[in-house]
Protein chains: 2
Amino acid sequence: MIEARHLRVLREVARTGSFSAAARELGCTQPAVSQQMKALEQSAGTPLLIRTGREMRLTQAGEALVRHAVGILAGLTAAEEEVAAIAGLRAGRVRLVSFPSGSSTLVPAALAAMRAAHPRTRVSLDEAEPPRSIEMLRNGDCEIALAFRYPEVRAAAPEACSDWDDLVVRPVLADRLVGLVPEGHRLAATGSAAFGDLADEPWIAGCPRCRTHLVEVCERAGFTPRIDFATDDYPAVIGLVGAGLGVAALPELTLASVRPKGARTVRLEPAVHREIVALTLPDLARVPAVGAMLDQLECAAAR
Amino acid sequence: MIEARHLRVLREVARTGSFSAAARELGCTQPAVSQQMKALEQSAGTPLLIRTGREMRLTQAGEALVRHAVGILAGLTAAEEEVAAIAGLRAGRVRLVSFPSGSSTLVPAALAAMRAAHPRTRVSLDEAEPPRSIEMLRNGDCEIALAFRYPEVRAAAPEACSDWDDLVVRPVLADRLVGLVPEGHRLAATGSAAFGDLADEPWIAGCPRCRTHLVEVCERAGFTPRIDFATDDYPAVIGLVGAGLGVAALPELTLASVRPKGARTVRLEPAVHREIVALTLPDLARVPAVGAMLDQLECAAAR
DNA sequence: CCCTACCCCCAAGCCTCGCTTATGCTGGAG
DNA sequence: CTCCAGCATAAGCGAGGCTTGGGGGTAGGG
């Protein structure tokens, strides 16, 4: 088995025409070069160098080996450079999958910051809800899945999130829920309310997991919400509230980029949060570009 | 520094999708594979493999490395094969330089035998007299120099051959000298003669070194030859003898492929030989094709 | 539901390999 | 003729790799 290290030395010996000179170039001692060349000739099965007192010449086999060595070593350094570029964030691609409402403010800010910090990296974005995004993560279709969870639900039913325990879960943002009531509602002017204050209102719920969470929180407040409408689409929720059809509890982030028409937000007490987390595989978390993107997500959320 | 051994393992892991399977393919244990991959990731500076419980996947850096590994390993095996072909006498070129009269019978026979034994090897032939052929050998212009020497001259003046002492000298043939006398000469019928019998004849000498030898041998026999003609060209010597201009002492080999016209050969006593030797450099002697050609020369001389 | 088989990681021990230092030898230059 | 540069060799040491043995986790089958 010919070793790349031997080829590197052979090429240097051929170039300089001397073991000592090659050793100096390679930063080692002359006997090291001598031994490597002996080992290479051993594994080649034929002499590669002709030791004539004056200069070091190549045999035909030596010439053949040097000829191949050029290409092999070039390929090797190309490989090292490409890997070093990925490791040094001068290249690399991260595929990010986010839940729909996360893509609006958090992800764009993080993407912009990532581009500013590491312009040569590429980040692609897809949208998928958590069960699907986790599957994509496990299937190798993405490196980071942005998802959310509700601490209250996790405490009440730990098995619902049990499929995350072999993932790296990076908390990104605690997204506080705010109440949304129609304009003119009795609570619209107060600016603050407890969940119990809305016990008799018709509710408009979000996605299935949000709905489960809403029920859980309301039951902790002592009532079971009457849910008249449920939709995955947050703008639709806002529209329904604005039409006076009920009240809702929405994460602040969903309201960051829109101005609800015909509805007012009220502070909800006690504070309840939707926890936005970035998920990845343990091995992927150690990939520089993935780690950098996680940092950027965390950083973007801090603002 | 990425090592070829690591790339080989990585490629196998990528192909089989498992450390254990790769270990079986490579004929080692699974921890060995595991350790090599850890070392490779260490030197790469980024994870290369994603350990998902079920299967082993590549990161982007891993994919890049495998992509390069294909070419690198292909180049490596190509290099190994080419060297192995040279070592295994399935390829290789030998440049042979012979003195002019050696090319007539010995060399053609050896070349034919070499082609028969190792058809894929190539032997080229050039002609040069010993001082020049030795220089070519030292300059790297040939691998084997066929030359001759006279033991009597070597004993009398060792410094004349002192520039061969760092060469490999392979005796090929002891080429006995025969006398050549004109037809009708008083010794032509006897078939045998001592040097002293020709003390009073005019002599025709060959090349300078042959001439020196002739003088040396004749002086040992008690006389100094009267040399009327000297020429490097053996056919010319034969012609001169045939014309009755003198006698000569010629190596048998020079008469092997010609029939002297107007001259007769006589056995010379005591036996005197021109020693034909093949010269090469110590390192070159270990090159298989060179060694084989030396063997073929020796073999051809035995017939 | 348990059990088995498979696969990976980890730790320890051993061994081999490669490097360095030191020394000897040879050839060429001043 | 002496000095210097270069290669080879031997000894010693340190590192690295491979193996064995054991543990944990997961998927598939009884």
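These values consider heavy atoms only, across backbone and side chains, with no hydrogens, waters or symmetry-generated copies. To find a chain, count down the sequence lines: A is the first, B the second, and so on, and within it residues start at 1.
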Would one find a side-chain N or O of A/Ser18 under 4.0 angstrom from OP1 or OP2 of D/dA5?
no
Checklist entry - Does a side-chain N-to-carboxylate-O contact under 4.0 Å join B/Glu41 and B/Lys38? => result no
Separation of D/dA15 atom C1' from B/Glu3 atom CD, nearest Å, is 13 Å
Per atom distances to the A/Ser20 side chain, the nearest of D/dT19, D/dG6, C/dT21 is D/dG6
For C/dC19, does either OP1 or OP2 sit under 4.0 Å from a side-chain N or O belonging to A/Thr29? no
note: B/Phe19, atom CZ; D/dG24, atom P; distance rounded to Å ~ 21 Å
If only side-chain N and O atoms of A/Arg51 are considered, is one of them under 4.0 Å from the OP1 or OP2 phosphate oxygen of C/dT26?
no
Over 60° means perpendicular and under 30° means parallel, so classify the ring planes of B/His213 and B/Tyr150, tilted if in between. parallel
Quick note, A/Gln35 side chain, CB onward, closest among D/dT19, D/dA11, D/dC7 is D/dA11
Touch check for B/Met56, heavy atoms < 4.0 angstrom, all strands: base, sugar-phosphate only, or nothing? sugar-phosphate
Per atom distances to the B/Gln30 side chain, the nearest of D/dG17, D/dC7, C/dC8 is C/dC8
Rounded to whole Å, the CG-P distance (A/Leu26 to C/dT20) equals 11 Å
Here the distance between atom C1' of D/dG6 and atom CZ of A/Arg24, to the nearest Å, is 9 Å
From CZ of A/Arg138 across to C1' of D/dA27 the rounded distance in Å is 14 Å
Heavy-atom side-chain contact between A/Val287 and A/Glu143 under 4.5 Å: no
With a distance cut-off below 6.0 Å to the six-membered ring centre and an angular limit of 45° from the axis, does A/Arg51 pair with A/Phe19 as a cation-pi contact?
-> no
Rounded to whole Å, CG of A/Leu48 lies from P of D/dC7 at a distance of 16 Å
Whole-Å distance, B/Leu40 CG to D/dG16 P, equals 15 Å
Has B/Lys38 got a side-chain N or O lying under 4.0 Å from the OP1 or OP2 atom of C/dC10?
-> yes
Under 4.0 angstrom between A/Ser34 side-chain N/O and D/dA8 OP1 or OP2: yes
B/Glu41 atom CD is separated from C/dC9 atom C1', nearest whole Å, by 13 Å
Ranking D/dA8, D/dT19, C/dC19 by distance to the side chain of A/Arg5, first place goes to C/dC19
Indicate, with a heavy-atom threshold strictly under 4.0 Å, whether A/Gln36 touches base, sugar-phosphate, or nothing.
-> sugar-phosphate
Output for pair (B/Leu137 CG, B/Arg95 CZ), nearest 0.5 Å, gives 10.0 Å
